[in-house]
Amino acid sequence: MLDLFNGEAPWLEPLAPGAGILRRFAFADAPTLLEQIDEIARRAPFRHMVTPGGYTMSVAMTNCGALGWTTDAGGYRYAPVDPLTGAPWPAIPASFLALCHRAAQALDYGDFHPDACLINRYETGARLSLHQDKDESDLRAPIVSVSLGVAAVFQFGGLRRSDPLRRVLLEHGDVVVWGGPSRLFYHGILPLKPLSHPLTGTLRYNLTFRQAAKAN
Ligand SMILES: O=C(O)CCC(=O)C(=O)O
Ligand SMILES: [Mn+2]
(Lines give C-alpha, C1' and ligand atoms only; values in the text may rest on other atoms or scores of the structure.)
(Ligands and ions follow the chains in the order given, each with its own letter.)
Protein backbone atom coordinates (compact mmCIF):
# COMPACT_ATOMS: atom_id res chain seq x y z
CA MET A 1 0.00 0.00 0.00
CA LEU A 2 1.24 3.54 -0.75
CA ASP A 3 2.41 5.57 2.18
CA LEU A 4 -0.58 7.90 2.25
CA PHE A 5 -0.82 8.19 6.00
CA ASN A 6 1.62 11.08 6.36
CA GLY A 7 -1.01 13.82 6.49
CA GLU A 8 0.01 15.51 3.23
CA ALA A 9 -2.19 15.49 0.14
CA PRO A 10 -3.16 13.03 -1.12
CA TRP A 11 -3.91 11.03 1.99
CA LEU A 12 -5.89 7.88 2.72
CA GLU A 13 -8.87 7.91 5.07
CA PRO A 14 -10.07 4.38 5.89
CA LEU A 15 -13.86 4.03 5.44
CA ALA A 16 -14.72 0.35 6.00
CA PRO A 17 -13.00 -3.03 5.50
CA GLY A 18 -11.68 -2.91 1.92
CA ALA A 19 -12.76 0.73 1.48
CA GLY A 20 -11.04 4.08 1.77
CA ILE A 21 -11.11 7.69 0.64
CA LEU A 22 -8.05 8.97 -1.19
CA ARG A 23 -8.37 12.64 -0.36
CA ARG A 24 -7.46 15.03 -3.23
CA PHE A 25 -6.02 12.12 -5.20
CA ALA A 26 -7.51 13.44 -8.49
CA PHE A 27 -6.95 17.13 -7.75
CA ALA A 28 -4.12 17.70 -10.26
CA ASP A 29 -5.87 15.71 -13.00
CA ALA A 30 -9.25 17.38 -12.47
CA PRO A 31 -9.09 20.06 -15.21
CA THR A 32 -8.19 17.41 -17.80
CA LEU A 33 -10.86 15.04 -16.51
CA LEU A 34 -13.49 17.77 -16.79
CA GLU A 35 -12.46 18.61 -20.37
CA GLN A 36 -12.72 14.95 -21.26
CA ILE A 37 -16.15 14.66 -19.65
CA ASP A 38 -17.31 17.51 -21.94
CA GLU A 39 -15.84 15.72 -24.95
CA ILE A 40 -17.59 12.45 -24.01
CA ALA A 41 -20.88 14.28 -23.41
CA ARG A 42 -20.73 15.79 -26.91
CA ARG A 43 -20.90 12.25 -28.31
CA ALA A 44 -22.99 10.58 -25.60
CA PRO A 45 -25.13 13.34 -24.05
CA PHE A 46 -26.09 13.44 -20.37
CA ARG A 47 -29.66 12.26 -19.87
CA HIS A 48 -32.05 11.67 -16.97
CA MET A 49 -32.76 7.94 -17.06
CA VAL A 50 -36.04 6.43 -15.92
CA THR A 51 -36.00 3.52 -13.46
CA PRO A 52 -38.12 0.38 -13.91
CA GLY A 53 -40.45 1.86 -11.27
CA GLY A 54 -41.10 4.89 -13.52
CA TYR A 55 -39.02 7.35 -11.48
CA THR A 56 -36.95 9.89 -13.45
CA MET A 57 -33.51 10.08 -11.84
CA SER A 58 -32.43 13.54 -10.63
CA VAL A 59 -28.82 12.74 -11.55
CA ALA A 60 -28.00 13.08 -15.26
CA MET A 61 -25.84 10.23 -16.58
CA THR A 62 -23.71 9.12 -19.47
CA ASN A 63 -20.97 6.51 -19.88
CA CYS A 64 -17.69 5.72 -21.51
CA GLY A 65 -16.17 2.28 -21.97
CA ALA A 66 -16.99 -1.00 -23.70
CA LEU A 67 -20.13 -1.18 -21.55
CA GLY A 68 -22.38 1.53 -20.14
CA TRP A 69 -24.89 1.33 -17.31
CA THR A 70 -28.45 2.17 -18.29
CA THR A 71 -31.92 1.85 -16.88
CA ASP A 72 -35.36 2.04 -18.43
CA ALA A 73 -38.79 0.48 -17.97
CA GLY A 74 -37.25 -2.93 -18.73
CA GLY A 75 -34.71 -2.89 -15.88
CA TYR A 76 -31.08 -2.06 -15.08
CA ARG A 77 -28.31 -3.36 -17.33
CA TYR A 78 -24.96 -2.80 -18.96
CA ALA A 79 -25.15 -2.21 -22.71
CA PRO A 80 -22.42 -1.86 -25.38
CA VAL A 81 -24.43 0.75 -27.27
CA ASP A 82 -25.87 4.07 -26.12
CA PRO A 83 -29.66 3.68 -26.41
CA LEU A 84 -29.96 7.43 -27.08
CA THR A 85 -27.66 7.57 -30.13
CA GLY A 86 -27.44 3.93 -31.22
CA ALA A 87 -23.62 4.28 -31.24
CA PRO A 88 -21.07 2.52 -29.01
CA TRP A 89 -20.17 4.50 -25.88
CA PRO A 90 -16.98 6.60 -26.28
CA ALA A 91 -13.81 4.81 -25.13
CA ILE A 92 -12.49 5.45 -21.62
CA PRO A 93 -9.75 8.11 -22.03
CA ALA A 94 -6.22 7.00 -21.11
CA SER A 95 -6.05 9.66 -18.38
CA PHE A 96 -9.17 8.17 -16.70
CA LEU A 97 -7.69 4.68 -16.84
CA ALA A 98 -4.34 5.77 -15.41
CA LEU A 99 -5.98 7.55 -12.47
CA CYS A 100 -8.30 4.63 -11.76
CA HIS A 101 -5.43 2.17 -11.88
CA ARG A 102 -3.34 4.22 -9.43
CA ALA A 103 -6.29 4.59 -7.05
CA ALA A 104 -7.03 0.85 -7.04
CA GLN A 105 -3.36 0.12 -6.39
CA ALA A 106 -3.26 2.57 -3.49
CA LEU A 107 -5.79 0.31 -1.75
CA ASP A 108 -3.98 -2.88 -2.76
CA TYR A 109 -6.48 -3.95 -5.44
CA GLY A 110 -3.66 -4.66 -7.91
CA ASP A 111 -4.29 -4.35 -11.63
CA PHE A 112 -7.75 -2.91 -12.19
CA HIS A 113 -8.74 -2.51 -15.85
CA PRO A 114 -12.34 -1.30 -15.82
CA ASP A 115 -14.55 -1.88 -18.86
CA ALA A 116 -17.23 0.61 -17.76
CA CYS A 117 -17.21 4.17 -16.46
CA LEU A 118 -20.52 5.73 -15.43
CA ILE A 119 -20.44 9.53 -15.41
CA ASN A 120 -22.90 11.23 -13.06
CA ARG A 121 -23.79 14.93 -13.17
CA TYR A 122 -25.55 16.41 -10.13
CA GLU A 123 -27.37 19.74 -10.22
CA THR A 124 -28.48 21.50 -7.04
CA GLY A 125 -30.92 19.19 -5.23
CA ALA A 126 -29.96 16.06 -7.21
CA ARG A 127 -29.41 12.94 -5.15
CA LEU A 128 -28.69 9.24 -5.47
CA SER A 129 -30.71 7.15 -3.08
CA LEU A 130 -29.19 4.29 -1.12
CA HIS A 131 -28.25 1.41 -3.44
CA GLN A 132 -25.74 -1.37 -4.06
CA ASP A 133 -23.61 -1.55 -7.21
CA LYS A 134 -24.61 -5.10 -8.11
CA ASP A 135 -25.36 -5.14 -11.85
CA GLU A 136 -21.74 -6.08 -12.63
CA SER A 137 -21.06 -9.73 -13.54
CA ASP A 138 -17.66 -9.60 -11.85
CA LEU A 139 -17.71 -8.58 -8.19
CA ARG A 140 -14.02 -9.37 -7.58
CA ALA A 141 -12.95 -5.96 -8.90
CA PRO A 142 -13.36 -2.85 -6.75
CA ILE A 143 -15.37 0.28 -7.52
CA VAL A 144 -13.34 3.45 -8.00
CA SER A 145 -15.33 6.66 -7.66
CA VAL A 146 -13.95 10.14 -8.45
CA SER A 147 -15.62 13.34 -7.19
CA LEU A 148 -15.28 16.63 -9.07
CA GLY A 149 -16.76 20.09 -8.48
CA VAL A 150 -19.28 20.90 -5.75
CA ALA A 151 -18.85 18.84 -2.57
CA ALA A 152 -21.51 16.30 -1.60
CA VAL A 153 -22.38 14.13 1.38
CA PHE A 154 -21.73 10.44 0.67
CA GLN A 155 -23.46 7.82 2.77
CA PHE A 156 -21.75 4.48 3.20
CA GLY A 157 -23.43 1.66 5.09
CA GLY A 158 -23.15 -2.11 5.11
CA LEU A 159 -24.51 -5.19 3.38
CA ARG A 160 -28.05 -4.55 4.60
CA ARG A 161 -30.03 -1.43 3.72
CA SER A 162 -30.80 -1.00 7.43
CA ASP A 163 -27.13 -1.05 8.51
CA PRO A 164 -25.84 2.16 10.15
CA LEU A 165 -24.59 4.76 7.70
CA ARG A 166 -21.40 6.77 7.83
CA ARG A 167 -21.69 10.22 6.29
CA VAL A 168 -18.61 11.79 4.75
CA LEU A 169 -18.16 14.93 2.69
CA LEU A 170 -16.63 14.20 -0.72
CA GLU A 171 -14.80 17.20 -2.13
CA HIS A 172 -13.25 18.09 -5.46
CA GLY A 173 -10.51 15.56 -6.28
CA ASP A 174 -11.47 12.96 -3.66
CA VAL A 175 -11.47 9.33 -4.83
CA VAL A 176 -13.34 6.58 -2.99
CA VAL A 177 -12.38 2.94 -3.54
CA TRP A 178 -14.42 0.03 -2.20
CA GLY A 179 -14.18 -3.69 -2.86
CA GLY A 180 -13.58 -7.08 -1.26
CA PRO A 181 -15.66 -7.23 1.95
CA SER A 182 -17.36 -3.88 1.22
CA ARG A 183 -17.92 -4.35 -2.54
CA LEU A 184 -21.69 -4.68 -2.06
CA PHE A 185 -22.11 -2.12 0.72
CA TYR A 186 -25.08 0.23 0.40
CA HIS A 187 -24.21 3.83 -0.47
CA GLY A 188 -25.77 7.02 -1.82
CA ILE A 189 -25.47 10.79 -2.17
CA LEU A 190 -27.60 13.30 -0.22
CA PRO A 191 -29.27 16.17 -2.15
CA LEU A 192 -26.63 18.53 -3.54
CA LYS A 193 -26.50 21.87 -1.74
CA PRO A 194 -26.68 25.16 -3.71
CA LEU A 195 -22.93 25.75 -3.74
CA SER A 196 -20.48 26.76 -6.41
CA HIS A 197 -17.07 25.48 -7.46
CA PRO A 198 -14.60 27.49 -9.60
CA LEU A 199 -14.27 24.70 -12.18
CA THR A 200 -17.87 23.44 -12.42
CA GLY A 201 -20.18 26.21 -11.20
CA THR A 202 -23.12 24.69 -9.33
CA LEU A 203 -22.48 21.18 -10.65
CA ARG A 204 -20.89 18.07 -9.20
CA TYR A 205 -19.51 15.32 -11.44
CA ASN A 206 -18.68 11.79 -10.41
CA LEU A 207 -16.92 9.04 -12.34
CA THR A 208 -17.43 5.45 -11.20
CA PHE A 209 -15.20 2.82 -12.72
CA ARG A 210 -16.44 -0.76 -12.75
CA GLN A 211 -15.57 -4.17 -14.11
CA ALA A 212 -18.96 -4.98 -15.60
CA ALA A 213 -18.26 -8.07 -17.74
CA LYS A 214 -16.64 -11.17 -16.26
CA ALA A 215 -12.85 -10.72 -16.47
CA ASN A 216 -10.53 -13.66 -17.15
O1 LIG B 1 -21.84 10.16 -7.01
C2 LIG B 1 -21.28 9.40 -6.23
O3 LIG B 1 -20.36 9.77 -5.49
C4 LIG B 1 -21.73 7.95 -6.13
C5 LIG B 1 -22.19 7.40 -7.43
C6 LIG B 1 -22.70 6.01 -7.35
O7 LIG B 1 -22.85 5.44 -6.30
C8 LIG B 1 -23.05 5.30 -8.57
O9 LIG B 1 -22.93 5.86 -9.68
O10 LIG B 1 -23.45 4.12 -8.49
MN1 LIG C 1 -23.20 3.25 -6.64
Side-chain angles (χ1 to χ4, degrees), residues 10-26 48-49 51-53 55 57-63 65 67-71 75-78 96 99-100 103-104 106-109 112 114 116-193 195 203-212:
W11 67 95
L12 172 63
E13 202 176 288
L15 185 60
I21 306 174
L22 295 160
R23 294 289 187 187
R24 314 296 183 266
F25 197 78
H48 292 272
M49 297 181 189
T51 66
Y55 169 79
M57 298 184 78
S58 58
V59 180
M61 297 176 169
T62 187
N63 290 276
L67 292 169
W69 186 85
T70 67
T71 172
Y76 306 105
R77 70 186 146 276
Y78 280 95
F96 285 26
L99 171 71
C100 172
L107 273 104
D108 281 344
Y109 282 108
F112 177 35
C117 174
L118 175 65
I119 308 175
N120 295 311
R121 188 186 68 193
Y122 296 75
E123 293 158 35
T124 304
R127 60 193 282 269
L128 199 58
S129 53
L130 215 55
H131 66 279
Q132 295 168 294
D133 293 344
K134 61 174 184 191
D135 299 323
E136 300 72 32
S137 317
D138 198 326
L139 297 175
R140 293 170 299 177
I143 299 284
V144 172
S145 166
V146 180
S147 291
L148 299 167
V150 169
V153 178
F154 182 60
Q155 297 184 300
F156 200 71
L159 283 173
R160 287 167 307 188
R161 188 180 284 278
S162 57
D163 283 339
L165 298 169
R166 279 193 63 184
R167 286 184 176 190
V168 290
L169 188 68
L170 295 182
E171 295 181 272
H172 180 69
D174 289 348
V175 178
V176 187
V177 180
W178 65 96
S182 55
R183 176 61 182 74
L184 287 175
F185 277 18
Y186 276 89
H187 58 279
I189 292 283
L190 295 184
L192 199 71
K193 299 233 169 75
L195 298 171
L203 300 175
R204 170 179 189 262
Y205 293 92
N206 166 265
L207 306 171
T208 44
F209 295 94
R210 299 119 186 267
Q211 174 66 49

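Numbering starts at 1 and runs along the sequence shown.
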Scanning both residues in full, the closest heavy-atom pair of L99 with A26 reads CD2-CB, 3.8 Å
Examine distances only and state if a side-chain atom of S58 and a backbone atom of R127 form a donor-acceptor pair shorter than 3.5 Å. yes
Rounded to the nearest 0.5 Å, what separates atom CE in M49 from atom OG1 in T62? 7.0 Å
Judged by atom type as modelled, is there a donor-acceptor pair below 3.5 Å linking the side chain of Q155 to the main-chain atoms of G188? no
Atom OG of S147 and atom CG of L207: how far apart are they, to the nearest 0.5 Å? 9.0 Å
Can you name the nearest heavy-atom pair linking T51 to T71, along with the distance? CA-OG1, 3.4 Å
Tell me whether Y109 contacts the main-chain N or O of G18 through its side chain, where contact means a donor paired with an acceptor under 3.5 Å. yes
Quick one: do N206 and Y122 satisfy side chain to side chain contact (heavy atoms under 4.5 Å, CB included)? Show the steps, please. CA-CA 8 Å; N206 166 265; Y122 296 75; 4.2 Å; yes
My understanding is that only residues two or more places apart in sequence, or in another chain, count here; which of them pass side chain to side chain donor-acceptor pair (under 3.5 Å) with E136? Y78, R183, R210
Under 3.5 Å, is there a donor-acceptor pair between the side chain of H187 and the main chain of Q132? no
Where do Y186 and L159 come nearest, in terms of heavy atoms and distance? CE1-O, 3.4 Å
Tell me whether S182 contacts the main-chain N or O of P17 through its side chain, where contact means a donor paired with an acceptor under 3.5 Å. yes
Quick check: does any side chain N or O of S137 sit under 3.5 Å from a backbone N or O of A212, one acting as donor and the other as acceptor? yes
Is a side-chain donor or acceptor of N120 paired with a backbone partner of Y205 at a separation under 3.5 angstrom? no
Supply the atom-to-atom distance L165 CG to D163 CG, rounded to the nearest 0.5 angstrom. 8.0 Å
Does any pair with a residue in residues 166-178 pass side chain to side chain donor-acceptor pair (under 3.5 Å), and if so which ones, sequence neighbours excluded? R23-D174, R24-E171, R24-D174
Between the CZ atom in R204 and the CD1 atom in I189, the distance rounded to the nearest 0.5 Å is 4.0 Å
Output yes when a side-chain donor or acceptor of N63 lies under 3.5 Å from a complementary backbone atom of W69, and no otherwise. yes
